[in-house]
Amino acid sequence: MKKIALFVLLAFNAFSQNADLAKYINPLIGTDSDFSLSNGNTYPAIALPWGMNFWSPQTNKMGDGWAYQYAAKKIRGFKQTHQPSPWINDYGAFSIFATTEKLVFDENKRESWYSHKAEVVQAHYYKVYLSDYNMTVEITPTERAARFRITYPETEKAYLIVDAFFKNSHIKVYPEERKIVGYSCNNSGGVPENFKNYFVIYADKAFEQVYIAKDGSLDIKLLEATGKHVGSVIQFKTKANEAVNLKIASSFISPEQAELNLQREIGNKTFGQIATEGRATWNKMMSRIAAEGGSEAEKGTFYTALYRTMLFPRKFYELDKNNKVMHYSPYNGQVLPGYMFTDNGFWDTFRAVFPFFTLMFPELNSQIMEGLVNTYKESGWLPEWASPGHRDCMVGSNSASIIADSYLKGIRGYDINTLYEAMLKNTQNAGPLTSVGRYGVEYYNGKGYIPYDVKINENTARTLEYSYDDFTLWKLSKALNRPKAEQDTLYKRAHYYKNVFDPSVNFVRGRNSDGSFQSPFRPDKWGDAFTEGCSWHWTWCVFHDIKGLQNLMGGKQNFVGKMDSVFTAAPTFDYSYYGQQIHEITEMLVMNMGQYAHGNQPIQHMPYLYNYAGQPWKTQKLVRNIMDKLYKNAPDGLCGDEDNGQTSAWYVFSALGFYPVCPGSNQYVLGSPLFKKATLTLENGKKFTINAPTNSTEHVYVNDAKLNAQSYSKNFLNHEDITKGGVLDLKMSNKPNETRGTKESDFPYSMSNEK
């Protein structure tokens with residue numbers, strides 16, 4: 001009997017290692033969005049993890065941040081994209097399209113009807129039927145290249161369109177080599193003067209005719225053009241169901257590097273080989289977390305969230321002919337050695353995306369840290385929002401959080417002293433943009449808060465974030481044995497959050513230069529003193545000292561009552577600061593969860609805070625409710641902006657049963673896992689398993705817990721508990737256990753408890 005059981009176990013393990021988890025990835029989740037309401041604001045990224053280039057079908061006009069919308073009926077291009085969000089928009093984009101009979105370049109005239117019923121969308125493969133032209137287009141990517149397969153009908157007028165896009169571009173065709181080269185310069189800011197995305201395209205079929213498009217006209221006499229908006233149309237003669245194959249690669253460094261990227265990543269590999277390798281790559285990544293016991297829909301939601309977490313930041317480096325890591329600097333325009341990553345807003349991703357990397361991908365995290373060193377050396381500042389260079393977006397100096405969390409969790413291989421110097425510079429200086437350095441730092445350092453009445457927008461939000469960032473710096477300064485006076489200053493500033501809390505209303509609030517609080521006060525006023533939220537959301541943004549926040553509110557009972565009221569308060573709002581009802585407000589309203597606004601980042605950690613007040617069962621019920629209600633395996637399956645993977649990373653962590661409320665604290669706060677079993681395979685070869693065999697849609701409460709077979713009452717896991725491998729056994733119930741996790745010693749980290 002034991003031999004049979006062992007055979008079954010070994011067979012299951014073999015199956016698990018070879019499981020096709022990539023099939024669960026649904027890149028269409030979140031694509032049913034528009035300017036007024038975000039269900040994710042995503043596009044179907046046909047890409048490899050952290051790839052330099054993504055590909056996506058394009059339904060909207062060139063330059064529209066909502067390039068692909070699920071409700072659209074026509075496709076006008078297949079775009080190489082680098083867009084991290086519709087609000088930041090794209091750069092270095094160009095597109096491929098194909099028509100028959102119809103010689104046309106204009107995107108508004110060439111578009112074709114299509115249907116989702118004749119569309120296949122996977123992370124590593126895309127296929128669609130263009131009904132206007134009776135043809136099929138397929139795409140499969142590598143990190144810096146891609147293969148296209150375009151299947152035409154029988155015709156003497158089969159056309160291939162290469163659109164190098166607006167804002168200056170170049171195209172040149174070599175008919176004898178069946179080759180097209182060019183560059184695109186389009187961008188939305190954050191680039192040096194010499195910025196170009198160089199591309200090279202090879203076709204496997206002879207060119208019958210070449211047309212060059214330049215600034216609105218087609219010319220049959222040219223093979224090359226440079227202008228505001230250029231491209232080419234290539235004519236073929238095709239047989240019925242004849243496939244024309246394209247090899248495409250690009251480079252931010254040079255045309256020669258684009259050729260090298262193509263040869264290295266595609267070479268002589270067929271379309272099928274590239275697709276097989278792409279699927280294998282995603283399967284390898286997905287298999288790092290084996291989720292068992294959920295429904296097929298839940299697995300689709302989970303593994304798609306995992307896919308979204310693995311797209312940004314983008315690899316902005318390339319390998320030269322000697323396999324040396326090089327990058328074009330989006331900060332000074334030079335080609336330099338070393339790693340570079342981009343397309344990330346740390347305001348969003350410091351919360352869960354980067355803690356996920358520190359846990360599951362420490363080697364990648366180390367490379368990203370080296371990239372931050374290079375960014376600082378090349379621009380003089382850390383990149384709080386980069387795409388591809390510095391962008392003026394959001395608040396805080398949250399690079400401190402991701403750097404400190406990385407180092408404090410033992411990740412090495414980069415120059416931490418240079419990064420510390422960069423972070424210290426942030427604490428003393430405003431940068432060239434309001435999102436770089438610390439805008440309002442002279443007030444923050446002098447008064448202990450940024451006043452409401454000094455014409456610095458979102459002042460209270462900035463105060464709260466700087467205070468948390470100073471906490472992470474304080475922790476890092478101790479680890480680096482920095483001077484005691486420096487440590488003491490950072491420690492003091494980590495308590496500045498208290499200066500914007502008004503005990504008379506139990507909310508954080510704008511505070512004037514003379515010390516008085518801004519009046520009249522509405523806790524539901526969005527913007528103004530806050531960023532994309534109101535006091536209902538920002539009051540909880542004291543990640544590092546929840547005990548201190550409880551004390552300000554008059555103790556745990558008041559704290560819990562205040563949290564409860566978030567979900568029972570009427571969803572009122574004041575949008576006067578913006579002049580219109582912004583989409584984040586609408587997303588809060590339609591969810592019917594009171595003032596809770598999960599669609600935006602400031603409050604996403606808040607459901608976990610009951611663990612700090614001895615009522616973990618409330619966290620358990622809430623996080624399961626949020627997962628079930630706000631995340632679906634459907635085009636409208638998200639509840640707000642995806643934001644570089646943060647909204648998905650929340651789901652990944654929460655589905656596993658824990659969440660990093662305070663990066664820099666070395667802890668993950670417990671919730672309620674979604675699956676009966678989940679196994680994490682770590683880079684060090686260890687495995688950590690969350691076992692919850694009695695889990696179900698009704699059994700959401702943790703009745704009992706054991707860590708490595710030992711009774712475990714704490715409401716958190718330490719980082720080392722996971723990385724050294726082990727098993728967390730959870731006995732789930734349909735009734736809350738109101739005696740477990742209620743002692744102070746069970747509560748997660750708060751700075752106020754530091755000795």
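Heavy-atom basis, side chains included; hydrogens, waters and symmetry copies ignored.
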query = Is the backbone N or O of Lys23 less than 3.5 Å from a side-chain atom of Gln122, with the two atoms forming a donor-acceptor pair by type?
reply = no

request  = Give a yes-or-no answer on whether the side chains of Asn41 and Glu642 include a donor-acceptor pair shorter than 3.5 Å.
outcome  = no

request  = Indicate yes or no: at least one non-hydrogen side-chain atom of Glu242 is less than 4.5 angstrom from one of Thr151.
outcome  = no

key: Polar contact flag, side-chain donor to acceptor under 3.5 angstrom, Ser250-Gln80   = yes

task = Would you kindly say whether Asn644 and Asp348 are connected by a side-chain donor-acceptor distance under 3.5 Å?
result = no

request  = Tell me, yes or no, whether the heavy-atom count around Glu156 atom CD, taken from other residues, nucleotides or ligands under 6.0 Å, exceeds 12.
outcome  = no

query = Does any N or O in the side chain of Asn53 come within less than 3.5 Å of the main-chain N or O of Arg144, such that one atom is a donor and the other an acceptor?
reply = yes

query = Checking ring-ring contact (aromatic ring centres under 6.0 Å, His included) for the pair Tyr317/Phe341: CA distance, chi angles, key distance, verdict?
reply = CA-CA 7 Å; Tyr317 65 86; Phe341 292 79; 5.7 Å; yes

request  = Could you grab the distance from atom CD1 of Ile234 to atom CD1 of Ile212, nearest 0.5 Å is fine?
outcome  = 6.5 Å

query = For the atom pair CH2 (Trp50) and CG (Leu311), what is the distance rounded to the nearest 0.5 Å?
reply = 9.0 Å

For Asn89, side-chain hydrogen bond (donor to acceptor under 3.5 Å, both in side chains) partners two or more places apart = none

task = Determine yes or no for a side-chain-to-main-chain donor-acceptor pair under 3.5 angstrom, with Arg288 supplying the side chain and Met360 the backbone.
result = yes

message = Give me the atom names and distance for the closest heavy-atom approach of Ala98 to Tyr152.
response = CB-OH, 3.6 Å

key: Donor-acceptor pair, side chain of Glu154 and main chain of Thr238, under 3.5 angstrom   = no

task = Would you tell me whether Tyr328 and Gln257 have side-chain atoms, one donor and one acceptor, within less than 3.5 Å of each other?
result = no

inquiry  = Testing the 3.5 Å rule here: is there a donor-acceptor pair between the side chains of Asn168 and His229?
reply    = no

inquiry  = Side chains of Gln69 and Thr59: any donor to acceptor distance under 3.5 Å?
reply    = no

Distance, nearest 0.5 Å, that separates NZ of Lys205 from CD1 of Ile150 = 12.5 Å

remark   = From the list Thr342, Asn187, Asn186, Asp343, side chain to side chain donor-acceptor pair (under 3.5 Å) with Tyr91 holds only for Asp343

request  = Identify whether the distance between the nearest side-chain nitrogen and carboxylate oxygen of Lys321 and Glu256 falls below 4.0 Å.
outcome  = no

task = Determine yes or no for a side-chain-to-main-chain donor-acceptor pair under 3.5 angstrom, with Thr301 supplying the side chain and Asn633 the backbone.
result = yes

task = Say whether, by atom type as modelled, one donor and one acceptor occur between the side chain of Glu370 and the main chain of Gln367 under 3.5 angstrom.
result = no

request  = Please round to the nearest 0.5 Å and tell me the distance separating atom CD1 of Ile253 and atom NE2 of His327.
outcome  = 8.5 Å

message = Less than 4.5 Å apart, side chain to side chain, heavy atoms only: is that true for Glu318 and Met326?
response = no

task = Report yes or no: do Thr349 and Asn344 form a side-chain donor-acceptor pair below 3.5 Å?
result = yes

message = Strictly distance-based, threshold 3.5 Å: is any side-chain N or O of Arg110 a donor or acceptor partner for the main-chain N or O of Arg76?
response = yes

ask   = Hey, what do you get for CZ (Phe357) to CD1 (Ile402), rounding to the nearest 0.5 Å?
value = 9.5 Å

task = Assign the ring pair Phe97 / Tyr133 to parallel, tilted or perpendicular, where the plane angle (0 to 90°) is split at 30° and 60°.
result = perpendicular

query = For residues Asp641 and Ser38, is any side-chain donor paired with an opposing acceptor at under 3.5 Å?
reply = yes

request  = Write down the atom of Ala275, the atom of Thr140, and the distance for their closest heavy-atom approach.
outcome  = CA-OG1, 3.2 Å

query = Are Asp32 and Asn39 close enough that a side-chain donor and a side-chain acceptor fall under 3.5 Å?
reply = no

query = Crowded around Asn268 CG? As in, over 12 foreign heavy atoms under 6.0 Å?
reply = no

ask   = So, Phe302 versus Tyr631, ring centres under 6.0 angstrom or not?
value = no

query = Does a donor on one side chain and an acceptor on the other come within less than 3.5 Å for Ser56 and Lys79?
reply = no

ask   = Is it true that Glu259 and Lys179 make a salt bridge, defined as a side-chain N closer than 4.0 Å to a carboxylate O?
value = yes

key: Tyr307-Trp282 aromatic ring centre distance below 6.0 Å   = yes

inquiry  = Please check this pair: side chain of Ser366 against backbone of Glu363, looking for a donor-acceptor N/O pair closer than 3.5 Å.
reply    = no

message = Could you check whether atom NZ of Lys167 has more than 12 heavy atoms from other residues, nucleotides or ligands sitting under 6.0 Å from it?
response = yes

request  = Looking only at non-hydrogen atoms, find the nearest pair between Gly92 and Asn197 and report the distance.
outcome  = O-ND2, 2.7 Å

key: Side-chain heavy-atom pair Val210, Leu223 within 4.5 angstrom cut-off   = yes

Test log, rule side-chain contact (heavy atoms from CB on, under 4.5 Å), inputs Phe105 and Ile161 = CA-CA 7 Å; Phe105 181 79; Ile161 300 168; 3.7 Å; yes

task = Classify the side-chain pair Asp90/Thr81 by whether it contains a donor and acceptor separated by less than 3.5 Å.
result = yes

query = Is Glu277 salt-bridged to Lys269, cutoff N-O under 4.0 Å?
reply = yes

query = Are Ser188 and Arg391 side-chain neighbours, meaning at least one heavy-atom pair lies under 4.5 Å?
reply = yes

key: Donor-acceptor contact below 3.5 Å, side chain Glu298 vs main chain Ser295   = yes

inquiry  = Could you check whether Arg264 and Asn323, counting side-chain N and O atoms only, form a donor-acceptor pair closer than 3.5 Å?
reply    = yes

task = Return the set of residues passing side-chain hydrogen bond (donor to acceptor under 3.5 Å, both in side chains) with Glu101 (not counting sequence neighbours), or none when no residue passes.
result = Thr155

task = Kindly say whether the aromatic ring centers of Tyr339 and Phe316 come within a distance under 6.0 Å.
result = no

Test ring pair (Phe, Tyr, Trp, His ring centres under 6.0 Å) applied to Phe54 - qualifying residues, sequence neighbours left out = Phe312

task = Could you tell me which non-hydrogen atom of Asp20 sits nearest to which non-hydrogen atom of Arg279, and how far apart they are?
result = OD2-NH2, 2.9 Å

query = Does Arg147 pair with Asp204 as a salt bridge, N-O distance under 4.0 Å?
reply = no

ask   = Would Tyr126 and Glu119 count as having a side-chain donor-acceptor pair, cut-off 3.5 Å?
value = yes

key: Trp87 ring center within less than 6.0 Å of Trp66 ring center   = yes

task = List the atom of Leu638, the atom of Gly30, and the distance in Å for their closest heavy-atom pair.
result = CD1-CA, 4.3 Å

inquiry  = Using only atom types and a distance under 3.5 Å, with no angle test, would you say the side chain of Ser654 pairs donor to acceptor with the backbone of Tyr651?
reply    = no

note = Closest non-hydrogen atoms of Phe207 and Pro175, given as atom of the first, atom of the second and distance, are CD1-CA, 3.8 Å

inquiry  = Just verifying a value: how many Å separate Met52 CE and Phe252 CZ, rounded to the nearest 0.5 Å?
reply    = 5.0 Å

ask   = When you check the gap from the basic side-chain N to the acidic O, do Lys102 and Asp132 get nearer than 4.0 Å?
value = no

key: Residue from Phe199, Phe166, Tyr198 passing ring pair (Phe, Tyr, Trp, His ring centres under 6.0 Å) with Phe94   = Phe199

